[in-house]
2 protein chains.
Amino acid sequence: MPDVKHFDPEAVLEQVERLFWQRGAASTGIAEVVAVTGISRSSLYATFGGKQELYVKALRRYVERRSQPVFQALADDGRGLRAIEGFFDRLIEARCAGEHARWGCMISNAHAGAEGGDPEVRGVLDRHQERLRAAMRTALGAAHDLRPGLDLDAAAEMLALLAYGVNLRSRAGADPADLRRGVSAALNSLKEPK
Amino acid sequence: MPDVKHFDPEAVLEQVERLFWQRGAASTGIAEVVAVTGISRSSLYATFGGKQELYVKALRRYVERRSQPVFQALADDGRGLRAIEGFFDRLIEARCAGEHARWGCMISNAHAGAEGGDPEVRGVLDRHQERLRAAMRTALGAAHDLRPGLDLDAAAEMLALLAYGVNLRSRAGADPADLRRGVSAALNSLKEPK
DNA sequence: CCTATCTTGGAATGACTGGTCCAAGATAGC
DNA sequence: GCTATCTTGGACCAGTCATTCCAAGATAGG
């Protein structure tokens with residue numbers, strides 16, 4: 001009996017995600033969201049709720065569709081340090097060139113913004129960090145050429161923090177070569193000396 | 001002949017710096033600045049210009065009065081890795097406890113915000129990164145217990161990126177013990193194996 | 001085709017945005 | 001104490017903010 005939605009909520013959410021990712025929540029108005037998505041204010045509010053709820057939904061989508069698959073691939077890649085090297089190579093490539101160049105990471109960006117005050121957002125950020133750390137830990141566990149006596153948990157934490165640093169600096173337009181050198185220094189230091 | 005300012009611009013700028021540092025530029029209104037500083041809109045605009053100029057001035061003050069002295073101390077500290085260890089210890093302490101707990105680093109925060117679009121801001125960010133990297137490089141140069149064959153420039157870049165990661169995560173309320181473990185992993189990996 | 005039910009466009013909301021302006025007040029040399 | 005010059009308080013501005021609301025439109029079962 002009822003009418004049905006005249007748009008695809010999932011597709012709209014993706015557009016919103018990209019908007020918030022690139023410009024940040026605080027400096028993106030609802031008017032802009034309406035303009036980009038093409039749907040009306042009514043539909044937007046009826047489907048997603050207010051701005052904050054919309055932002056959280058977009059942030060969750062980012063984690064689920066962008067971060068998680070990459071983390072999973074990292075954890076499933078059995079090549080040890082080579083897997084981690086590949087992770088960072090692709091990260092730097094994506095952050096510095098192509099469609100999303102200089103957008104940074106939506107999660108990293110959320111850390112710095114006032115959005116972090118929302119406890120729901122904080123939960124997303126903490127879970128993201130924990131999952132990245134866990135994926136790094138798994139990848140390190142598969143490595144056989146590590147420095148003897150290395151604390152794998154601590155090293156995983158270090159690599160996760162390093163990824164955040166890469167995300168931040170890439171948003172300001174850092175030279176990808178510099179970022180790669182920094183990452184190489186970290187990975188080489190974890191290797192067994194020969 | 002003329003009248004003279006009824007307030008101390010330097011003291012006002014410090015209050016503004018703290019405001020922007022904690023809450024971010026986008027989500028801090030001029031009204032709030034007026035309320036916190038106690039001076040009027042007229043004086044604010046006459047002395048510092050508009051919001052963006054005010055933000056840039058506050059950001060510059062942050063670099064000059066907060067970052068630079070610490071970088072200088074790091075570069076002047078001849079203890080090698082111990083100096084870097086001390087730098088990170090104090091950083092984590094300041095970021096996670098006391099007056100500025102969970103404020104993050106104003107420069108790191110600026111990376112993620114829309115403020116980074118301003119080329120003047122970008123210049124401040126790049127210069128900050130370069131100076132931190134250089135201070136790390138100097139500190140590494142003074143070390144005698146480093147892994148043989150270590151690329152000091154790359155290691156300095158890595159440590160600078162790590163600092164940004166620490167800044168970000170601390171703003172979201174990360175456990176300081178986790179941050180310390182991550183930093184220790186980095187520093188231990190740079191050490192000469194024994 | 002009718003109607004119950006949902007969606008949609010767009011107008012309207014009041015609060016707040018950064019920024020301007022000017023009369024009134026303060027200052028210091030004369 | 002007079003006056004030229006700057007500062008100050010606060011009213012005021014147009015524009016934007018997120019949000020609400022409702023009449024008109026679309027839908028699908030009967």
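To find a chain, count down the sequence lines: A is the first, B the second, and so on, and within it residues start at 1. These figures come from a predicted structure and were not determined experimentally.
Picking from D:dT5, C:dT17, D:dA26 the nucleotide with the shortest atom distance to the side chain of A:D3 gives D:dA26.
For the atom pair A:H6 NE2 and A:I39 CD1, the distance stands at 12.0 Å (nearest 0.5 Å). With rounding to the nearest 0.5 Å, the separation of CG in B:L146 from CG in B:D151 is 11.5 Å.
Within residues 41-53 of chain A, the residues having any heavy atom under 4.0 Å from DNA chain D are, by residue number, A:R41, A:S42, A:Y45, A:G50, A:K51. For DNA chain C, the residues of residues 4-13 of chain A within the heavy-atom distance limit of 4.0 Å (strictly under) are A:V4, A:K5, A:H6, A:F7, sorted by number.
A salt bridge links B:R66 to B:E17: one of the charged nitrogens lies within less than 4.0 Å of a carboxylate oxygen. For B:R169 and A:D126, the salt-bridge test passes: some basic side-chain N is under 4.0 Å from an acidic carboxylate O. The pair A:E130-A:R133 meets the salt-bridge criterion, with a side-chain N (NZ, NE, NH1 or NH2) lying under 4.0 Å from an Asp/Glu carboxylate O.
Screening residues 97-119 of chain B for salt bridge (Lys or Arg N to Asp or Glu O under 4.0 Å), with sequence neighbours left out, gives B:R18-B:E99. For residues 135-149 of chain B, the pairs satisfying salt bridge (Lys or Arg N to Asp or Glu O under 4.0 Å) are B:R137-B:D153, with sequence neighbours left out.
The nearest whole Å value for the distance from the CD1 atom in B:I39 to the C1' atom in C:dG25 is 17 Å. Per the geometry, CZ belonging to A:F20 stands 8 Å off P belonging to D:dA18, to the nearest Å.
Note on B:T28: only backbone sugar-phosphate atoms sit closer than 4.0 angstrom, heavy atoms only; bases stay farther off.
Rounded to 10 degrees, the angle separating the terminal axes of the helix from C:dC1-D:dG30 to C:dC30-D:dG1 is 10°, with each axis obtained from five end pairs.
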| said: Go through it in stages, so that I can follow the logic: the residues are B:L190 and B:L159, the test is side chain to side chain contact (heavy atoms under 4.5 Å, CB included), and I'd like the CA-CA distance, side-chain angles, deciding distance and then a yes or no. | reply: CA-CA 10 Å; B:L190 297 179; B:L159 292 169; 4.0 Å; yes
| side chain to side chain contact (heavy atoms under 4.5 Å, CB included) between A:E157 and A:L161: does it pass, once the steps are laid out? | CA-CA 6 Å; A:E157 174 84 21; A:L161 290 174; 4.1 Å; yes
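Listed pair B:S40 / D:dG9 meets the phosphate criterion, a side-chain N or O lying under 4.0 Å from OP1 or OP2.
Among residues two or more places apart in sequence or in another chain, the ring-ring contact (aromatic ring centres under 6.0 Å, His included) test is passed with A:F71 by A:H128.
Relative ring orientation between A:W21 and A:Y62 is described as perpendicular, the plane-to-plane angle rising above 60° on a 0-90° scale split at 30° and 60°.
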